A.B. asks: 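One structure is given below, represented as structure tokens, and several questions about it will come after.
Residue numbers start at 1 and run along the sequence shown. These numbers come from a predicted model, not from an experiment.
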Amino acid sequence: MASVVHENLPPVLDSKSEQPPSVFDGTTRLYMAYTCPFAQRVWITRNYKGLQDEIKLVAISLEDKPVWYKEKVHPANKVPALEHNGKIVGESLDLIKYVDSNFEGPSLLPDDPEKRKFAEELFSYSDTFNITVYGSFKGDPAKEAGPCFDYLEKALHKFDDGPFLLGQLSLVDIAYIPFVERAQIFLSEVIKYDITAGRPKLAAWIEELNQVDAYKQTKLKDPKGLVELYKIRYM
């Protein structure tokens with residue numbers, strides 16, 4: 001893993017930010033939001049590969065996006081988006097694979113064909129996981145979301161050469177942890193549901209990820225704010 005780099009994070013740009021960054025000038029930029037789990041996937045990947053100097057962060061306000069972002073950068077008006085080699089690459093799962101393949105730094109996908117195959121299965125399930133877990137916030141999380149956490153618990157038993165989903169840390173862990181992080185905060189605080197109860201592998205997985213500097217640097221700074229936001233959004 002790349003050495004730990006502590007960086008000063010840039011300010012959040014909103015509709016009052018009149019001057020956009022100099023786009024398409026050869027600088028590689030990750031347009032993201034500090035609170036967005038999809039953007040967090042790419043942010044973790046960037047950090048783990050030690051690309052803080054190569055990929056500059058541009059933080060966008062999700063609630064009050066700058067007009068120029070849609071007009072000059074990304075017509076879809078979503079984050080994350082990567083400006084690289086004169087083009088914009090979007091969609092977080094595509095982006096983490098793109099960053100892993102196109103930049104220097106430790107690889108985040110194994111060579112083992114069996115692990116690669118399982119990785120694709122886990123990537124494919126991630127949307128179902130997110131939709132089901134977050135949809136359960138309006139219903140019965142233990143009943144509705146429980147099977148999703150059971151799925152991860154079972155997946156964590158497949159390889160015994162490490163505590164992560166493919167044994168060693170990979171893009172698969174990075175794909176899931178931003179959403180698990182938020183679900184754990186909300187379900188514990190509001191529903192009093194412990195997603196790790198009876199799931200020792202999942203508990204160990206979360207604990208191991210909490211020791212990874214590339215992830216720690218991206219964790220939510222305001223969990224109480226998340227809880228209040230999700231109460232409004234889902235309850």
A.B. asks: Less than 3.5 Å apart, any donor N or O on the side chain of Q217 or E7 sitting next to an acceptor on the other?
C.D. replies: no
A.B. asks: Quick check on the hydrophobic clustering: are L62 and I88 connected, directly or via other members, by side-chain heavy-atom contacts under 4.5 Å?
C.D. replies: yes
A.B. asks: What orientation do Y134 and F137 show, parallel under 30°, tilted 30 to 60°, or perpendicular over 60°?
C.D. replies: tilted
A.B. asks: Does K143 have more than 12 heavy atoms from other residues, nucleotides or ligands lying within 6.0 Å of its NZ?
C.D. replies: no
A.B. asks: Just by distance, do the side chain of S170 and the backbone of L166 share a donor-acceptor pair under 3.5 Å?
C.D. replies: no
A.B. asks: Please tell me if the side chains of S15 and P66 come closer than 4.5 Å, counting only heavy atoms from C-beta onward.
C.D. replies: no
A.B. asks: Applying the 4.5 Å side-chain criterion to the ILVMFWY set and letting contacts propagate, would L9 and V42 be lumped into a single cluster?
C.D. replies: yes
A.B. asks: Minimum heavy-atom separation for Y193 to G146, with atom names?
C.D. replies: OH-CA, 3.7 Å
A.B. asks: So do Y48 and P106 actually touch side chain to side chain, heavy atoms under 4.5 Å?
C.D. replies: yes
A.B. asks: Could you tell me whether the side chain of W43 and the main chain of A33 form a donor-acceptor pair under 3.5 Å?
C.D. replies: no
A.B. asks: Do the side chains of V79 and F24 join up, straight or via other hydrophobic residues, at under 4.5 Å, putting them in one cluster?
C.D. replies: yes
A.B. asks: Pick from H74, K78, E83: which one makes a side-chain hydrogen bond (donor to acceptor under 3.5 Å, both in side chains) with Y31?
C.D. replies: E83
A.B. asks: Within 45 degrees of the axis of the six-membered ring of F118 and under 6.0 Å from its centre: does K158 put its NZ or CZ there?
C.D. replies: yes
A.B. asks: Side chain of K201, backbone of H157: donor and acceptor closer than 3.5 Å?
C.D. replies: no
A.B. asks: Identify which one of L122, L108, L165 satisfies the side chain to side chain contact (heavy atoms under 4.5 Å, CB included) criterion when paired with D173.
C.D. replies: L165
A.B. asks: Is E228 salt-bridged to K231, cutoff N-O under 4.0 Å?
C.D. replies: yes
A.B. asks: Mark yes when over 12 heavy atoms from residues, nucleotides or ligands other than Q211 sit less than 6.0 Å from its CD; otherwise mark no.
C.D. replies: yes
A.B. asks: Taking all heavy atoms of G90 and all of L95, pick out the closest pair and write down the distance.
C.D. replies: O-CG, 4.0 Å
A.B. asks: State whether the side chain of E208 and the backbone N or O of P163 hold a donor-acceptor pair below 3.5 Å, judged by distance alone.
C.D. replies: no
A.B. asks: Between K216 (side chain) and A214 (backbone), is there a donor-acceptor pair under 3.5 Å?
C.D. replies: no
A.B. asks: Let me see the working for D14 and K65 under salt bridge (Lys or Arg N to Asp or Glu O under 4.0 Å), right down to the final yes or no.
C.D. replies: CA-CA 5 Å; D14 58 21; K65 292 176 184 172; over 6 Å; no
A.B. asks: So does D25 have more than 12 non-hydrogen atoms from other groups sitting under 6.0 Å from CG?
C.D. replies: yes
A.B. asks: Go through the side-chain N and O atoms of T28 and E54 and say whether any donor and acceptor fall under 3.5 Å apart.
C.D. replies: no
A.B. asks: Quick one: closest heavy-atom pair of N210 and K219, and the distance?
C.D. replies: OD1-NZ, 2.9 Å
A.B. asks: Between Q40 and T218 (side chain of the first, backbone of the second, donor and acceptor by atom type, cut-off under 3.5 Å), is there such a pair?
C.D. replies: yes
A.B. asks: List the steps, then state whether ring-ring contact (aromatic ring centres under 6.0 Å, His included) holds for F159 with F164.
C.D. replies: CA-CA 8 Å; F159 299 108; F164 300 106; over 10 Å; no
A.B. asks: What verdict does the side chain to side chain contact (heavy atoms under 4.5 Å, CB included) test give for L169 and L209, after you've listed the backbone C-alpha separation in whole Å, the side-chain angles of each residue and the deciding distance to 0.1 Å?
C.D. replies: CA-CA 9 Å; L169 183 70; L209 279 164; 3.6 Å; yes
A.B. asks: Check T132 against E144 and note the closest heavy-atom contact, atom names and distance.
C.D. replies: CG2-O, 3.4 Å
A.B. asks: Test side chain to side chain contact (heavy atoms under 4.5 Å, CB included) on D100 and S107; report intermediate values, then the result.
C.D. replies: CA-CA 6 Å; D100 194 40; S107 175; 3.9 Å; yes
A.B. asks: Checking F103 now: which residues fulfil ring-ring contact (aromatic ring centres under 6.0 Å, His included) with it, not counting sequence neighbours?
C.D. replies: H84
A.B. asks: Do the side chain of S101 and the main chain of Y98 share a donor and acceptor less than 3.5 angstrom apart?
C.D. replies: no
A.B. asks: Is the backbone N or O of I55 less than 3.5 Å from a side-chain atom of R46, with the two atoms forming a donor-acceptor pair by type?
C.D. replies: yes
A.B. asks: Report yes or no: does Q184 contribute a side-chain atom to a donor-acceptor pair with the main-chain N or O of V180 at less than 3.5 Å?
C.D. replies: no
A.B. asks: Are L187 and Y234 linked, directly or through intermediate hydrophobic residues, by side-chain heavy-atom contacts shorter than 4.5 Å (ILVMFWY only)?
C.D. replies: yes
A.B. asks: Testing the 3.5 Å rule here: is there a donor-acceptor pair between the side chains of Y215 and E181?
C.D. replies: yes
A.B. asks: Mind checking ring-ring contact (aromatic ring centres under 6.0 Å, His included) for Y176 and listing every partner two or more places apart, or none if nothing turns up?
C.D. replies: F129
A.B. asks: Side chain of T27, backbone of V23: donor and acceptor closer than 3.5 Å?
C.D. replies: no
A.B. asks: Is the charged tip of K154 near the ring of F149: under 6.0 Å from the six-membered ring centre and within 45° of its axis?
C.D. replies: no
A.B. asks: Answer yes or no: is there a side-chain heavy-atom contact under 4.5 Å between Y34 and P10?
C.D. replies: yes
A.B. asks: Give a yes or no on whether I191 and I232 share a hydrophobic cluster (residues Ile, Leu, Val, Met, Phe, Trp, Tyr; joining criterion: side-chain heavy atoms under 4.5 Å apart).
C.D. replies: no
